[in-house]
Amino acid sequence: MHRLGGVGLAAFERQQASQRSFATLSSELSQAQVDHLESQLTQFRTALTHFAKTHRDSIRSDSKFRHAFQKMCSSIGVDPLAGPRKGGWWEMLGMGDWQYELGVQIVDVCVSTRERNGGVIEMGELVRMVGKLRGDESGITEEDVIRSIKTLQPLGAGYEVMDVGGGKKMVRSVVKELDEDQGIILAEAQLEGGRIVEEILVMRRGWTYERARAALENMLLRDGLCWLDAQDELYGKAYWIPSAMRWNE
């Protein structure tokens, strides 16, 4: 019994020693892998930094080049244009002031048009008006505006991009939520150049006249998002939604 117990104890000790050896080897391999990864990341950052510095002017001024650069970076999980305005990529690319300026111009357009559209503006219209304000209508894209609006959200002013269906987007600049019915009305109004009547919602969406009338009246009286035409030639009464209309300014 004593001899067998000794053999068992020796076998146990050998097993423990083997486990310690494997643990040590695993730790060494893990550390080597970490060191290799850190080396690769350092090389990648150096290469990306060199590329960004070399093409900084193109990234700032050429929208196609800027978004190709962003797409390349996002495909590997890097967003060099995100983060705080000061320091890091923002300073190196000189994008901090550019993004800040764009944000101020977006606020300018949204505030100046709020009286007529109730704080909701169609994305294409916003892009066009911001481009005109900058004196470069081809240099700003929808992606630029969306990115800039995300930086405005912490201000708590209600700036938000809304998808109203059919690939259409609108920008809200007031602190209030649009309900589902209002989103549908905005989408239909865009198809009609800003004009909407109860009959369109009944025929296309299968609403009852009561639902259509209540939703439109809420947008008119409660939210101030539309105008009433009480002398419409076809239906007697129509609603015009400024945020779904095209303006020549």
Side-chain angles (χ1 to χ4, degrees), residues 102-133 142-249:
L102 177 59
V104 170
Q105 290 164 342
I106 289 172
V107 171
D108 188 358
V109 171
C110 288
V111 171
S112 65
T113 60
R114 189 176 292 166
E115 185 175 349
R116 76 174 182 222
N117 60 32
V120 180
I121 185 171
E122 194 267 329
M123 175 64 78
E125 183 72 1
L126 177 58
V127 170
R128 184 186 69 81
M129 293 184 69
V130 169
K132 187 174 182 179
L133 188 63
E142 181 176 305
E143 289 79 6
D144 291 325
V145 172
I146 291 174
R147 181 180 293 275
S148 189
I149 287 174
K150 287 180 180 179
T151 68
L152 295 175
Q153 287 178 345
L155 299 178
Y159 287 85
E160 182 183 4
V161 178
M162 305 178 298
D163 189 339
V164 296
K168 299 289 186 180
K169 293 183 178 66
M170 308 199 77
V171 175
R172 187 188 69 195
S173 62
V174 289
V175 186
K176 63 181 176 183
E177 295 288 341
L178 296 183
D179 59 37
E180 183 178 352
D181 283 0
Q182 290 173 329
I184 291 173
I185 291 173
L186 286 173
E188 291 294 342
Q190 282 195 316
L191 298 177
E192 300 296 323
R195 176 179 173 275
I196 189 73
V197 295
E198 296 172 9
E199 285 75 10
I200 288 177
L201 299 170
V202 171
M203 291 186 291
R204 294 182 185 173
R205 298 289 182 163
W207 289 11
T208 62
Y209 278 99
E210 289 76 14
R211 178 181 177 182
R213 187 175 302 113
L216 288 167
E217 288 297 314
N218 280 337
M219 292 183 71
L220 173 68
L221 301 175
R222 185 188 66 190
D223 301 318
L225 294 175
C226 61
W227 302 335
L228 175 64
D229 178 3
Q231 297 180 341
D232 184 72
E233 294 181 356
L234 293 178
Y235 296 98
K237 182 169 68 172
Y239 299 82
W240 288 88
I241 302 180
S243 57
M245 297 163 60
R246 295 289 293 180
W247 300 85
N248 296 319
E249 56 179 274

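Values below: all heavy atoms of this structure, side chains included; hydrogens, waters and symmetry mates excluded.
- Ile241 places a side-chain heavy atom less than 4.5 Å from the side chain of Ile185.
- A salt bridge links Asp181 with Arg211: at least one charged nitrogen is closer than 4.0 Å to a carboxylate oxygen.
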Could you go through Glu142 and Ile146, starting from their C-alpha distance and side-chain angles, then the distance that decides it, and tell me whether this counts as side chain to side chain contact (heavy atoms under 4.5 Å, CB included)?
CA-CA 6 Å; Glu142 181 176 305; Ile146 291 174; 3.9 Å; yes

From CA spacing to verdict: side chain to side chain contact (heavy atoms under 4.5 Å, CB included), Glu160, Ile149:
CA-CA 7 Å; Glu160 182 183 4; Ile149 287 174; 5.7 Å; no

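- Taking 4.5 Å as the limit, some side-chain heavy atom of Val120 sits within range of a side-chain heavy atom of Met162.
- Minimum interatomic distance between Pro242 and Cys226 (heavy atoms only, all atoms of both residues): CD-CA, 4.0 Å.
- Minimum interatomic distance between Ala212 and Trp207 (heavy atoms only, all atoms of both residues): CA-CE3, 3.7 Å.
- In terms of heavy atoms, Val197 sits closest to Leu216 at C-CD1, 4.3 Å.
- Put simply, CD on Glu122 and NZ on Lys169 are 10.5 Å apart, with the number rounded to the nearest 0.5 Å.
- The two residues Lys168 and Asp163 make their nearest non-hydrogen contact at O-OD1, 3.2 Å.
- Contact of the Met129 side chain with the Thr113 side chain is registered, since non-hydrogen atoms from C-beta on lie closer than 4.5 Å.
- At least one side-chain heavy atom of Leu126 sits less than 4.5 Å from a side-chain heavy atom of Val145.
- Side-chain N/O atoms of Asn218 and Gln182 include no donor and acceptor closer than 3.5 Å.
- Side-chain contact check for Ile121 versus Met170: every heavy-atom pair is 4.5 Å or farther apart.
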If you look only at distance, which donor and acceptor atoms sit under 3.5 Å apart when one is on a side chain in residues 198-206 and the other is two or more places apart or in another chain?
from: Glu198; atom 1: OE1; to: Arg213; atom 2: NH2; distance (Å): 3.3
from: Glu198; atom 1: OE2; to: Arg213; atom 2: NE; distance (Å): 3.3
from: Arg204; atom 1: NH1; to: Glu188; atom 2: OE1; distance (Å): 2.7
from: Arg204; atom 1: NH1; to: Glu192; atom 2: OE2; distance (Å): 3.2
from: Arg204; atom 1: NH2; to: Glu192; atom 2: OE2; distance (Å): 2.5
from: Arg205; atom 1: NE; to: Glu188; atom 2: OE2; distance (Å): 2.8
from: Arg205; atom 1: NH2; to: Glu188; atom 2: OE2; distance (Å): 3.1

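- Between Met245 and Trp240, the closest heavy-atom pair is SD-CE3, 4.1 Å.
- Between atom CG of residue Leu225 and atom OH of residue Tyr239 there is a gap of 13.0 Å, rounded to the nearest 0.5 Å.
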Evaluate the side chain to side chain contact (heavy atoms under 4.5 Å, CB included) criterion for residues Glu125 and Arg128: first the C-alpha distance (whole Å), next the side-chain angles of each, then the deciding distance (0.1 Å), finally the verdict.
CA-CA 5 Å; Glu125 183 72 1; Arg128 184 186 69 81; 2.9 Å; yes

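- By the side chain to side chain contact (heavy atoms under 4.5 Å, CB included) test, Val111 is found to be paired with Val107, Arg114, Tyr159, residues two or more places apart in sequence or in another chain being considered.
- Across all their heavy atoms, Asp144 and Leu102 have their closest contact at O-CD2, 3.7 Å.
- By the side chain to side chain contact (heavy atoms under 4.5 Å, CB included) test, Leu234 pairs with Arg195, Asp232, sequence neighbours left out.
- Using a 4.5 Å heavy-atom threshold, the side chains of Glu217 and Leu220 count as touching.
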